[in-house]
Protein chains: 2
Amino acid sequence: MPRLNTDTRAEIRTVALELFSEQGYEQTSLREIAERLGITKAALYYHFSSKSVLLGELVHPLIDELRAMADRMGESGFTDPRAIVEEYFDLCFRYRQVFIGLLNDVHVRRELELVEAMIHWRERVDAVLVGSDAPADRVRSVVALGGLQDTIILFPDVPAAELRAAAVDAAMRALLPETAGTPAAKGAIASE
Amino acid sequence: MPRLNTDTRAEIRTVALELFSEQGYEQTSLREIAERLGITKAALYYHFSSKSVLLGELVHPLIDELRAMADRMGESGFTDPRAIVEEYFDLCFRYRQVFIGLLNDVHVRRELELVEAMIHWRERVDAVLVGSDAPADRVRSVVALGGLQDTIILFPDVPAAELRAAAVDAAMRALLPETAGTPAAKGAIASE
DNA sequence: GTCTATAGGATGATAGAC
DNA sequence: GTCTATCATCCTATAGAC
């Protein structure tokens, strides 16, 4: 019989994200998800045609937002490094459960062909952040954004505002060209 | 019959590391490993008592070295931030296949109880690198070391020396306290 | 050291009743 | 929408022959 007053589809997504994040995608069976909801695997298949489709619905919103962010850069005047770094932090933070639990999962990256997408995204962002596509320069951007992400994973209990301020600050310094130490070196970057 | 002129045990380790890195630990079956070596699963079990033990033999050397590095800090005079960051880069680089392929695998981290180990390690290293255990300060260390790791993953084709120079440099800047821009702020850190 | 054969179990997915 | 029952497939691991 139908369960009362519930949006089963949404509940499945919620439980799936929880379990995928905790245990990994492959290590979580549809049986587990169904059991926690008090339904059967077959009912689950009524709502999602496959395990992979369920995964996609969890991850795609983040991917889409990342893509939209990259699109907005370059086109419009969205080129201020600090603004970009801050927005990237906010995006990672908003989707932190997906970020931590799913984007780091080997199988998820394979299944959704995420590696190429992310590399491509990074290339575009790096170019704007350090104004170069030479590896020696892009390294700075990778340290900045990669390090930024890690703070969200490693400090789940630090208040968001405090974390954001400290992390963005450190990331901005990582972005500075090698001749750093001279605050005026790149105007908007070095100033606060 | 025994295969000629081969060290099967070592070959298993090599092939396992390759496949685990490419596909993830759980996604790689012992059948696959055995097939690639031209032996059977049963032979594999002769050399390694379980899949988990095989995994442990691949990962433990790295864990041990990380631990040894943390032990050397504090005790002896091994406290120069740049030296620590450089050694951390070298360690990550030397074990990059394990680092990229296994430490990022959810199931591996679970199975080897790696999360607590890594968090503990980071706490000790952070304290030496930024001289504080306040989150606002530790963030700098996390950005520095986390970002450093990412460069190894994202730039597999950049010559090691070039990568190291650029990555360590960016990481060192991320470590600077918020009042950065004044090169003399922390002596050895800011100078090159 | 390596083999064949198999136990024992979990999994994703489907068919068809209600 | 949810169920029961089942399929086909894969897995880790073991027993015992050679």
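Labels below follow one simple rule: chain letters A, B, ... track the order of the sequence lines, proteins then strands, and each chain is numbered from 1.
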Does B/Arg9 make a cation-pi contact with B/Phe48, if we ask for NZ or CZ under 6.0 Å from the ring centre and within 45° of the axis?
yes
CG of A/Leu37 versus C1' of D/dC3: gap in Å, rounded?
16 Å
Report the distance from atom CD1 of B/Ile39 to atom C1' of C/dG1, rounded to the nearest whole Å.
9 Å
In whole angstroms, the gap separating P of C/dT11 from CD of B/Glu26 amounts to 11 Å
Atom NZ of A/Lys41 to atom P of C/dA10: distance rounded to whole Å?
11 Å
Salt bridge between B/Arg164 and B/Asp90, side-chain N to carboxylate O under 4.0 Å?
yes
Quick test of your reading: applying salt bridge (Lys or Arg N to Asp or Glu O under 4.0 Å), list the pairs with at least one residue in residues 148-161 of chain B, sequence neighbours left out, ordered by first then second residue.
none
List, by chain and number, the other hydrophobic cluster members for B/Ile153, where Ile, Leu, Val, Met, Phe, Trp and Tyr join if side-chain heavy atoms come within less than 4.5 Å, directly or indirectly.
B/Ile100
With a 4.0 Å cut-off, would you call B/Asp71 and B/Arg124 a salt bridge?
yes
Report the distance from atom CD of B/Glu32 to atom C1' of D/dT12, rounded to the nearest whole Å.
14 Å
Can you list every ring pair (Phe, Tyr, Trp, His ring centres under 6.0 Å) pair that touches residues 64-83 of chain A, not counting sequence neighbours?
none
Just checking A/Arg72: does its CZ atom have more than 12 heavy atoms from other residues, nucleotides or ligands closer to it than 6.0 angstrom?
yes
Which residues in residues 45-58 of chain A have a heavy atom closer than 4.0 Å to any atom of DNA chain D?
A/Tyr46, A/His47
Mind listing the N/O atom pairs, protein and nucleotides 16-18 of chain C, below 3.5 Å?
none

Nucleic acid contacts of residues 102-113 of chain A, taken as heavy-atom distances under 4.0 Å to DNA chain C:
none
Which residue pairs pass the salt bridge (Lys or Arg N to Asp or Glu O under 4.0 Å) test when at least one of the two sits in residues 94-107 of chain B, sequence neighbours left out?
B/Glu65-B/Arg94
Would you list the pairs meeting ring pair (Phe, Tyr, Trp, His ring centres under 6.0 Å) in which at least one residue belongs to residues 121-161 of chain B, sequence neighbours left out?
B/Tyr88-B/Trp121
Through what angle, rounded to 10 degrees, does the axis of the helix from C/dG1-D/dC18 to C/dC18-D/dG1 turn between its ends, using five pairs per end?
0°
Would you mind reading off the distance between B/Glu11 atom CD and C/dG1 atom C1', rounded to a whole angstrom?
13 Å
Other hydrophobic cluster members with B/Val106, side-chain heavy atoms of Ile/Leu/Val/Met/Phe/Trp/Tyr under 4.5 Å, chained?
none
Do the side-chain N or O atoms of A/Thr40 get closer than 4.0 angstrom to the phosphate oxygens (OP1, OP2) of D/dT2?
no
Measure from CG on A/Leu30 to P on C/dA10 and round the result to the nearest Å.
15 Å
Check the distance between C/dC3's C1' and B/Glu35's CD and give it to me in whole angstrom.
15 Å
For the CD1 atom of B/Ile12 and the NE2 atom of B/His47, what is their distance to the nearest 0.5 Å?
4.5 Å
Side-chain N or O of A/Ser29 less than 4.0 angstrom from OP1 or OP2 on C/dT11?
yes
Quick one: which residue pairs count as a side chain to side chain donor-acceptor pair (under 3.5 Å) with a foot in residues 15-25 of chain B, not counting sequence neighbours?
B/Glu18-B/Arg36, B/Gln23-B/Thr28, B/Gln23-B/Glu32, B/Tyr25-B/Glu111
Verify the contact: side-chain N or O of A/Arg31 to OP1 or OP2 of C/dA10, cut-off strictly under 4.0 Å; return yes or no.
no
Between the CE atom in B/Met73 and the CG atom in B/Asp80, the distance rounded to the nearest 0.5 Å is 11.0 Å
Residues in side chain to side chain contact (heavy atoms under 4.5 Å, CB included) contact with A/Ala144, at least two apart in sequence or another chain
A/Ala171, A/Ala174, A/Leu175
